[in-house]
There are 2 protein chains.
Amino acid sequence: MSLVNKSIYAILGILSIQPSTGYDIKRYSDKVLSGFWNENFGHIYPTLKKMIESGLIENVPGEVEDRKIKYAITEKGKGELKKWLSEEIQTPAVRSELMLKLLFGNDMSKEATIDMLSKQKDIHEENLIKYLTMQQELTCEGSQITAKRSVYYNAILRKGIINSAANIEWCEETIESLKKLKG
Amino acid sequence: MSLVNKSIYAILGILSIQPSTGYDIKRYSDKVLSGFWNENFGHIYPTLKKMIESGLIENVPGEVEDRKIKYAITEKGKGELKKWLSEEIQTPAVRSELMLKLLFGNDMSKEATIDMLSKQKDIHEENLIKYLTMQQELTCEGSQITAKRSVYYNAILRKGIINSAANIEWCEETIESLKKLKG
DNA sequence: CTAGAATATTTCACAGTGATATATATGTCA
DNA sequence: TGACATATATATCACTGTGAAATATTCTAG
């Protein structure tokens with residue numbers, strides 16, 4: 001296990017909605033999955049080739065127009081997606097540069113540290129607004145989304161909101177505790 | 001910029017505390033940096049070689065005993081560490097398998113989703129306990145740590161605590177909203 | 001009609017992961 | 001003492017994932 005190309009499942013998921021090109025997949029990752037799933041061309045295209053080889057996806061018949069290459073999920077691909085859903089989630093390796101700087105930033109001035117933290121706070125505040133806006137769009141527009149699906153999508157947005165709020169709270173409290181430090 | 005070996009700074013930071021072997025660096029990452037910074041041998045050793053070449057670190061003189069290779073930070077390395085501290089933090093690429101499953105888990109049963117979420121909750125609860133324990137050790141032991149340093153270290157632990165609590169809250173609320181969903 | 005933005009794919013060097021192989025040193029229980 | 005497990009220590013491998021750049025076409029606004 002362990003060393004598995006996770007992009008496969010993101011791609012299968014996207015193609016389970018509708019057939020797409022590699023470019024579409026990248027765009028979907030940037031727009032819809034924005035903030036919780038990153039994809040890039042350097043990985044998407046080679047992965048698509050491997051997925052064709054293993055029969056998880058196929059070229060959309062009759063649509064190989066021009067230079068565009070459109071892919072669709074196969075029955076085998078659907079099975080693989082379902083199988084993955086039932087598997088345990090592997091806890092990902094974390095690398096927080098911020099925490100590293102905080103731990104090793106002994107000779108970083110108090111002011112510089114506070115500055116760093118307030119920049120982080122700004123980022124999380126922007127994210128919070130982004131998620132709240134997306135949530136409003138979800139509820140207001142009464143879009144074609146099903147009730148069940150909207151519960152799941154809302155959960156994702158709530159994750160973004162709760163995490164952003166937690167980060168903001170932490171930044172504020174840490175800035176305060178630094179300000180109290182003399183020196 | 002952008003494509004930079006971040007392990008360099010973790011290693012410089014660790015070596016700024018005391019000279020260490022590659023193995024020591026890995027152990028420090030697993031014990032002290034546990035939960036917010038991951039390192040592995042496959043990256044540490046090649047990076048150490050590059051760092052020797054660029055003069056950021058050096059072999060500890062007279063200590064090349066047996067097979068152990070001990071490294072120490074150089075003046076150049078100290079300068080590089082300081083420079084990095086003043087640089088902007090790059091927002092890392094995120095890949096949350098949990099969010100992916102939630103978004104594409106249309107044909108995942110409600111029960112399976114709840115099960116997945118409660119497993120995640122368990123993990124975060126364990127983490128929460130871990131961070132709280134570490135915090136107690138920090139305050140009780142009245143260790144040789146300086147007041148300034150303890151504020152920084154406490155901030156790191158608070159980050160773990162606040163994030164874990166936020167995740168637990170989200171898991172609970174999402175499980176509740178799923179339970180209310182009929183079908 | 002033309003400059004620039006969006007679409008689309010390929011390629012590259014590099015960062016980072018986790019497993020495994022190898023070998024020595026140390027502690028421990030019979 | 002010997003045997004056996006565990007800790008120390010380094011090296012190597014195949015693979016995943018990142019971001020930038022090269023290339024070419026198509027769409028769109030001025």
Side-chain angles (χ1 to χ4, degrees), chain A residues 1-12 14 19-31 33-34 36-54 57 59-60 63-71 84 88 90-97 100, chain B residues 1-12 14 19-31 33-34 36-54 57 59-60 63-71 84 88 90-97 100:
Chain A
M1 263 271 105
S2 87
L3 204 58
V4 184
N5 184 337
K6 294 286 160 65
S7 295
I8 287 173
Y9 304 106
I11 292 172
L12 286 175
I14 294 168
S20 313
T21 67
Y23 192 83
D24 290 334
I25 289 164
K26 169 65 172 155
R27 192 170 31 196
Y28 192 92
S29 302
D30 289 349
K31 300 272 166 67
L33 311 186
S34 160
F36 64 86
W37 193 263
N38 185 68
E39 279 298 344
N40 48 279
F41 295 130
H43 204 212
I44 290 172
Y45 287 107
T47 300
L48 282 169
K49 274 180 188 166
K50 280 180 206 160
M51 289 169 78
I52 283 277
E53 279 168 34
S54 55
I57 58 173
N59 280 306
V60 177
E63 276 230 53
V64 202
E65 43 171 44
D66 330 65
R67 71 235 137 75
K68 274 198 269 186
I69 311 168
K70 217 167 197 173
Y71 301 93
W84 166 72
E88 293 274 293
Q90 292 181 278
T91 47
V94 181
R95 297 194 125 208
S96 165
E97 223 180 325
L100 211 54
Chain B
M1 267 271 105
S2 89
L3 205 56
V4 184
N5 185 338
K6 295 287 159 68
S7 296
I8 287 172
Y9 304 106
I11 292 172
L12 286 176
I14 293 168
S20 314
T21 66
Y23 191 84
D24 290 334
I25 290 164
K26 169 65 171 155
R27 195 170 29 196
Y28 192 91
S29 303
D30 289 350
K31 299 272 167 67
L33 311 186
S34 160
F36 65 86
W37 193 264
N38 185 68
E39 279 297 345
N40 48 279
F41 293 129
H43 203 214
I44 290 172
Y45 288 109
T47 300
L48 282 170
K49 275 180 189 167
K50 281 180 206 158
M51 289 170 78
I52 283 277
E53 279 168 35
S54 56
I57 57 173
N59 280 306
V60 177
E63 275 230 54
V64 201
E65 43 169 45
D66 329 67
R67 71 237 136 73
K68 275 198 269 186
I69 311 167
K70 217 166 196 172
Y71 301 93
W84 166 71
E88 293 273 295
Q90 293 181 276
T91 47
V94 180
R95 297 192 123 207
S96 164
E97 223 180 326
L100 211 55

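No hydrogens, no waters, no symmetry mates; every other heavy atom, side chains included, goes into these values. Because the structure is a prediction, the values reported are computed rather than measured. Sequence lines set the chain letters: A, B, ... in the order given, protein chains first and strands last, and positions in each chain run from 1.
Checking the phosphate oxygens (OP1, OP2) of D:dT16, a side-chain nitrogen or oxygen of A:K50 falls inside 4.0 Å. OP1 or OP2 of C:dT9 sits under 4.0 Å from a side-chain N or O of A:Y45. Remark: B:K68 is not in phosphate contact with D:dA7, judged by side-chain N or O atoms under 4.0 Å from OP1 or OP2.
A donor N or O paired with an acceptor N or O is not found under 3.5 Å between the base of D:dG17 and the side-chain atoms of A:N40.
Taking atom CD1 of B:I25 as the reference point, atom C1' of D:dT8 lies 14 Å away to the nearest angstrom. Taking atom CD1 of A:I44 as the reference point, atom P of D:dT18 lies 10 Å away to the nearest angstrom. Spacing between atom CD of A:E97 and atom P of C:dG16 amounts to 9 Å, rounded to whole angstrom units. Between the NZ atom of B:K26 and the P atom of D:dA11 there is a distance of 16 Å, rounded to whole Å. Spacing between atom CD1 of B:I69 and atom P of D:dT8 amounts to 17 Å, rounded to whole angstrom units. One atom, CZ of B:R95, and another, P of C:dG16, lie 15 Å apart when rounded to the nearest Å. Straight-line distance from the CD atom of B:Q90 to the P atom of C:dG16: 10 Å, rounded to whole Å. As a whole-Å value, the separation of B:K31 NZ from D:dT8 P is 7 Å.
Out of D:dG19, C:dT17, D:dG17, the shortest distance to the side chain of A:A93 is found at C:dT17. Of the candidate nucleotides D:dT10, D:dG17, C:dA8, D:dG17 has the atom nearest to the side chain of A:K6. Side-chain proximity of A:N38 to C:dT10, D:dT18, C:dG16: nearest is D:dT18. Each of D:dA9, C:dA8, D:dT16 was ranked by its minimum atom distance to the side chain of A:N5; first place goes to D:dT16. You'll find that the side chain of A:Y23 is closest to C:dA6, out of C:dT17, C:dA6, D:dT10. When the nucleotides C:dG16, D:dT16, D:dT10 are ranked by their closest atom to the side chain of B:S7, C:dG16 comes out on top.
In this structure, A:L33 CG and A:K26 NZ are separated by 10.5 Å, a value rounded to the nearest 0.5 Å. Taken from CD1 in A:I57 to OG1 in A:T47, the straight-line distance is 9.0 Å, to the nearest 0.5 Å.
Residues A:K50 and A:I8 have side chains not in contact (no heavy-atom distance under 4.5 Å, counting atoms from C-beta outward).
A side chain to side chain contact (heavy atoms under 4.5 Å, CB included) with B:K68 holds for exactly one of B:D24, B:T21, B:V60; it is B:T21.
Within the nucleic acid shown, A:T47 has no heavy atom closer than 4.0 Å to any nucleic acid atom. Residue B:G22 is in sugar-phosphate contact alone, with no base atom involved, counting any heavy-atom pair closer than 4.0 Å across all strands shown.
Map A:P92 and A:R27 each onto its nearest nucleotide of DNA chain C; the residue landing nearer the 5' end is A:R27. Taking the nucleotide of DNA chain D with the nearest heavy atom to each of B:V94 and B:F41, the more 5' of the two is matched to B:F41.
Contact record, A:F41 with A:P46: O-CD, 3.9 Å, taken as the closest heavy-atom pair.
Salt bridge A:R27/A:D30: absent, no basic N to carboxylate O contact under 4.0 Å.
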